[in-house]
Protein chains: 2
Amino acid sequence: MSNKKLTDGLPSRRSACPIAAALDLVGDKWSLLLIRDIGLFERHRNKDFQNAAETMPSNILADRLKRMTAYGLLEKRRYEERPPRYEYHLTRQGRELLPVLRELASWSERNLVGVKIPRRVKARAGGTGSD
Amino acid sequence: MSNKKLTDGLPSRRSACPIAAALDLVGDKWSLLLIRDIGLFERHRNKDFQNAAETMPSNILADRLKRMTAYGLLEKRRYEERPPRYEYHLTRQGRELLPVLRELASWSERNLVGVKIPRRVKARAGGTGSD
DNA sequence: CATTGTAACTTGCAAAAAGCAAGTTAAAGG
DNA sequence: CCTTTAACTTGCTTTTTGCAAGTTACAATG
């Protein structure tokens with residue numbers, strides 16, 4: 001009955017930079033994975049999202065669906081009336097984010113396959129000449 | 001002398017999905033903006049980053065530079081010896097993220113120019129047919 | 001017609017990350 | 001010595017995320 005924090009103040013732009021503006025909308029931990037689920041993995045329903053490999057918390061899931069619907073990236077459709085059930089689809093704007101995801105995936109496959117995440121880092125100077 | 005939290009446990013992959021893996025590395029609020037600063041805006045030094053339009057907190061900045069250097073996305077170079085001064089450059093891996101940023105910027109320019117962020121949202125069902 | 005089941009959320013509280021301001025370090029220059 | 005500057009670091013507050021349990025609207029079962 002009372003939306004409080006997460007759904008109230010939607011983010012304002014940090015700057016005029018288009019990259020920053022895009023990240024203000026979808027630059028959090030989960031939004032782009034939801035776009036991936038819907039646009040690339042044919043997942044459309046609440047339960048489908050919960051069955052994704054990443055197990056996103058249900059409150060965050062609900063919030064992101066709401067936010068991205070409000071932004072116009074997603075569209076919420078009732079697919080069943082009498083027990084009211086819903087599914088989410090990408091709008092044109094949402095669909096046009098897929099090339100970003102494909103670039104990310106491509107980068108990941110080229111550069112990250114089997115990347116070993118270091119445990120403890122000191123990050124001191126003195127370039128290793130990785131160029 | 002004692003790194004504590006932010007620099008210690010580097011993120012582990014949420015899943016085997018390459019998109020998720022990429023976002024585990026750079027899917028936070030600031031990392032991609034730093035890649036942008038270095039790769040697109042010719043900013044390389046601590047102070048340059050602080051002069052960016054977005055005013056990132058200095059502790060977060062330090063942490064992200066350290067993390068991304070540890071990941072192999074950035075390279076730290078000493079450009080002056082006797083007062084020790086450093087600058088950061090993209091490695092090949094870091095540079096190959098730029099197409100992702102270009103896609104993001106392109107999406108933003110096509111879909112977000114002058115987007116009015118709504119103030120308060122209820123996000124109820126009943127599609128508006130935005131497709 | 002009470003009981004169980006299920007999708008789609010919502011709520012409360014704890015944990016983690018981000019943000020802010022002030023402090024530190026290593027030197028140069030006066 | 002005293003001030004200045006780049007490049008961080010530290011302590012503390014605020015915001016976001018995560019977890020677990022609860023709620024709502026029905027359908028189906030017995």
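To find a chain, count down the sequence lines: A is the first, B the second, and so on, and within it residues start at 1.
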For Arg110(A), the salt bridge (Lys or Arg N to Asp or Glu O under 4.0 Å) test, sequence neighbours excluded, returns Glu96(B)
Under a 4.0 Å heavy-atom cutoff, the residues of residues 38-51 of chain A touching DNA chain C are Arg45(A), Asn46(A), Lys47(A)
OP1, OP2 of dA7(D) versus side-chain N and O of Tyr79(B): anything below 4.0 Å? yes
_Can you tell me if Lys76(A) touches the phosphate of dC9(C), counting only side-chain N or O atoms and a distance under 4.0 Å to OP1 or OP2?_
yes
[X]: partners by side chain to side chain contact (heavy atoms under 4.5 Å, CB included), with sequence neighbours left out:
X        : result
Ala22(B) : Leu104(A), Trp107(A), Ser108(A)
Glu81(B) : Arg78(B)
Pro84(A) : Tyr86(A)

Leu23(B) CG to dT17(D) C1', in whole Å, measures 16 Å
Heavy-atom contacts, protein to nucleotides 25-30 of chain D, under 4.0 Å, summarised as B (base), S (sugar-phosphate only) or - (none) per nt, yield BSS---
Less than 4.0 angstrom from a charged side-chain N to a carboxylate O is my criterion; do [X] and [Y] meet it?
X        : Y        : result
Asp28(B) : Arg64(B) : yes
Arg77(B) : Glu75(B) : yes
Glu54(A) : Arg14(B) : no

Which nucleotide in the list [options] gets nearest to the side chain of [X]?
X        : options                   : result
Ile60(A) : dA7(D), dA18(C), dT17(D)  : dT17(D)
Ser58(A) : dA7(D), dT17(D), dA20(D)  : dA20(D)
Arg64(A) : dG18(D), dT17(D), dA18(C) : dT17(D)

For this session: Mark yes or no for a side-chain to base donor-acceptor pair under 3.5 Å between Asn59(A) and dC19(D), with no hydrogen or angle criteria applied.
Result: yes
